[in-house]
Amino acid sequence: MNINCRKRRRESCRGKGQNMDLGVLRNEIDEIDQQIVDLYERRMDICSKVAEYKIETGKKVFDKAREEEKIRKVKSLTHNDFNSHGVEELFEQIMSMSRKLQYQMLAQHGSLGKLPFIGVDELDTQKARVVFQGAEGAYSQAAMEQYFGDQINSFHVDTFREAMSAIDEGSADFAVLPIENSTAGIVSEIYDLMVEFENYIVGEQIIKIEHCLLGLPGTDMEKIERVYSHPQSLMQSARFLDSYSWQQISMQNNAFAAQKVKDDGDMTQVAIASEYAGKAYGLEVLKKGVNQSETNSTRFIIVTNQKIFRKDAKKISICFEVPHQSGSLYHMLSHFIYNNLNMCKIESRPIEERNWEYRFFIDFEGNLADGAVKNALRGLRDEARNMKILGNY
């Protein structure tokens, strides 16, 4: 039906009632939608030929200058600001789908290139040396022993940076680091260090956090004056501590608090730490479960300086930056949707020396050997800023 026919049809329906007019208008929309679908499929067919050309010539899929010029051109064809903005969004989506089709064809032709990670059947832990942050009895040590076994060769350092440096320099093969607590949230320093160092996640270990009140054997609860612990542990135990007028003193971590109580030999001092730490320092458990949450858990990551992943790995962590403009994050996330990848987590961290710009950290399900994963990562690598694969585990 041509435009003149539709115009006469609309005019003939005027005065016959609102329902009749609405029905006619909807029919016209259906006709236009059919034309849009036909044109879309025609466009994508041509895009596939463009992809074939790029496969033959090695030309990059994403041509930012070309797309920006196209957006300016189609916006200039509209007649008001509302339509201009709508056409901009429409063509951004159309061109995004075109790129994804081209990435898919590149993958089918084996032209995506190989990711710089090597798949292994098992992690080599036989003669491995493992570093953890904190003192003997830290939750990190408990996580390490759950993952590697209690016979592993290990040592501890005072800071997360020292642990990352140890594997970066080769004095340790693996590091065990806390990255997230179910109640306190992320350990932001770990996220920043994962960007700074060329170290990679190869495993994770989740342990339940149960804080205990620890003291020297024979400690009288009525004579306690001071309690030592990490600030988060003190906060998580606030309901219990509110019942007492003890001085609360923050420590770098809970194991250091337990160590101080042992070393000082003062029975008016106690620590909030794990039962594991209590055993390490010969302290008595005065009360278990002093933290409010019964479901409090911490996720630890296992990090190495090698670009490896277990062949049965099921989760991937990446980070990237996006242009500081409207819709940029949405377009990055669309690569997960198009490739049917389930995103588990997204976090953001401010980028140093670039006010109000952020780096995004994403966990999603998949394996680096999967075609859909390779497709998504190729799109992200081309379109995002400084995309980095943090690990597959």
If you count heavy atoms of other groups shown closer than 6.0 angstrom to [atom1] of [X], is the number above 12?
X: Arg26; atom1: CZ; value: no
X: Tyr330; atom1: OH; value: no
X: Ile118; atom1: CD1; value: no
X: Gln93; atom1: CD; value: yes

For [X] and [Y], does a side-chain donor sit closer than 3.5 Å to a side-chain acceptor?
X: Thr183; Y: Asn181; value: yes
X: Glu145; Y: Tyr276; value: yes
X: Glu52; Y: His109; value: no
X: Tyr139; Y: His211; value: yes
X: Thr298; Y: Lys208; value: no
X: Asn305; Y: Asn199; value: no
X: Tyr338; Y: Asn375; value: no
X: Ser317; Y: Tyr393; value: yes
X: Ser84; Y: Glu88; value: no
X: Ser154; Y: Arg129; value: no
X: Asp38; Y: Gln34; value: yes

Identify the heavy atoms of [X] and [Y] that sit nearest to each other, and give their distance.
X: Val176; Y: Phe148; value: CG2-CE1, 4.0 Å
X: Leu368; Y: Asn392; value: N-OD1, 2.9 Å
X: Cys212; Y: Val285; value: CB-CG1, 4.1 Å
X: His324; Y: Trp356; value: CE1-O, 3.3 Å
X: Met221; Y: Phe240; value: CE-CZ, 4.4 Å
X: Leu101; Y: Ser48; value: CD2-N, 4.1 Å

Pairs in or reaching into residues 162-179: which pass side chain to side chain donor-acceptor pair (under 3.5 Å), with residues at least two apart or in two chains?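 Only Thr159-Glu162 qualify under side chain to side chain donor-acceptor pair (under 3.5 Å).
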Selection residues 249-264 - residue pairs positive for side chain to side chain donor-acceptor pair (under 3.5 Å), sequence neighbours left out: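 Every pair satisfying side chain to side chain donor-acceptor pair (under 3.5 Å) with a residue in residues 249-264: Ser229-Asn254, Ser233-Asn254, Lys260-Asp264, Asp264-Gln269.
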Is it true that a side-chain atom of Glu347 and a backbone atom of Phe360 form a donor plus acceptor pair closer than 3.5 Å?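 Side chain of Glu347 to backbone of Phe360: no pair is present.
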Salt bridge Glu210-Lys288, side-chain N to carboxylate O under 4.0 Å: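 Salt bridge: no.
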I would like to know whether Phe174 and Ile152 meet side chain to side chain contact (heavy atoms under 4.5 Å, CB included); could you show each step before the answer? CA-CA 11 Å; Phe174 300 97; Ile152 195 72; over 6 Å; no
